[in-house]
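One structure is given below, encoded as structure tokens.
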Amino acid sequence: MAEDVFCKIINGEIDSEVLFEEEDLVVFADANPSAPVHYLVVPKKHIETIHDATEKDSELLGRVILAAKRAADELGISDGYKLSFNVKDKGGQEVPHVHLHLRGGW
Ligand code: 5GP
């Protein structure tokens, strides 16, 4: 399995501004933010795109969404924010490892 940049962040090979970590996911600041507050919720399991997820990933992906809610609370943007997955090249996905964008703070 090829190691992508998010695997390297999860493994501690690349630094990032981590907000918090849970058993099966990590939340860190986007290095090139496109909103005043822009974080990424990243499952530790390497799933390339949301389109590759299966039924057995249901609970994990549920926890990813709930972690975004926790992050919004901790970041003080729980009055409103956007969550999005880019899926595959044509969907604007650049990093081949599932991640949920959390954007807010406008
Ligand atoms: P995508 O376009 O794949 O949905 O989003 C990838 C996001 O990852 C982009 O918003 C980009 O700024 C961010 N990103 C890419 N490389 C790194 C990195 O090494 N560290 C961090 N913290 N964010 C990164």
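Numbering of ligands and ligand atoms starts at 1, following listing order.
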With heavy-atom distances below 4.0 Å as the criterion, list the atoms of ligand 1 near V5. 19 (O)

I14 to ligand 1, any heavy atom closer than 4.0 Å: no

Which atoms of ligand 1 have any heavy atom of L40 under 4.0 Å away? 8 (O)

For N32, the atoms of ligand 1 under 4.0 Å from one of its heavy atoms are 12 (O)

Show me which atoms of ligand 1 lie under 4.0 Å from any heavy atom of I9. 20 (N)

Do other residues, nucleotides or ligands put more than 12 heavy atoms under 6.0 Å from E13 CD? yes

Please indicate whether any nitrogen or oxygen in F6 is less than 3.5 Å from any nitrogen or oxygen in ligand 1. no

Starting from atom 7 (C) of ligand 1, locate the nearest protein heavy atom and write down its residue, its atom name and how far away it is, to 0.1 Å. D30 OD2, 3.4 Å

Report the part of N86 (side chain from C-beta onward, or backbone N, CA, C, O) that has a heavy atom under 4.0 Å from ligand 1; answer both or neither where that applies. side chain

Under the side-chain contact (heavy atoms from CB on, under 4.5 Å) criterion, do V27 and L25 qualify, and how do the steps go? CA-CA 7 Å; V27 181; L25 61 87; 4.1 Å; yes

Should K8 be listed as contacting ligand 1, given a heavy-atom distance under 4.0 Å as the test? no

Could you find the nearest protein heavy atom to atom 2 (O) of ligand 1 and give me its residue, atom name and distance? G92 O, 2.9 Å

When only distance counts, is H38 in polar contact with ligand 1, meaning an N/O pair under 3.5 Å? no

Report the part of H99 in contact with ligand 1, treating N, CA, C, O as backbone and CB onward as side chain, heavy atoms under 4.0 Å; options are side chain, backbone, both, neither. side chain

To the nearest 0.1 Å, how far is atom 22 (N) of ligand 1 from its closest protein heavy atom, and which atom is that? A29 O, 2.9 Å

Do any N or O atoms from the side chain of N11 and from the backbone of K8 form a donor-acceptor pair under 3.5 angstrom? no

Quick one: does E94 get an N or O within less than 3.5 Å of an N or O on ligand 1? yes

On a heavy-atom basis, which atom in A72 and which in L102 lie closest, and how many Å separate them? N-CD2, 4.0 Å

How does F85 reach ligand 1, if at all, at less than 4.0 Å between non-hydrogen atoms: by side chain, backbone, both, or neither? neither

Which residue owns the protein heavy atom closest to atom 15 (C) of ligand 1, what's the atom, and how far is it? V95 CG2, 4.1 Å

Other residues, nucleotides, ligands: >12 heavy atoms within 6.0 Å of D73 CG: yes

Over 12 foreign heavy atoms within 6.0 Å of NZ, K69: no

Output yes when K88 and E48 qualify as a salt bridge under the 4.0 Å nitrogen-oxygen rule, no when they do not. no

Is it true that K45 and D57 make a salt bridge, defined as a side-chain N closer than 4.0 Å to a carboxylate O? yes

Within 45 degrees of the ring normal and closer than 6.0 Å to the centroid, is that where the cationic atom of R70 sits relative to F20? yes

May I ask you to check whether A31 has an N/O atom sitting below 3.5 Å from an N/O atom of ligand 1? yes

With under 30° as parallel and over 60° as perpendicular, where do the rings of H99 and F6 fit, or are they tilted in between? perpendicular

Carboxylate-amine/guanidinium contact R63 E23, below 4.0 Å: no

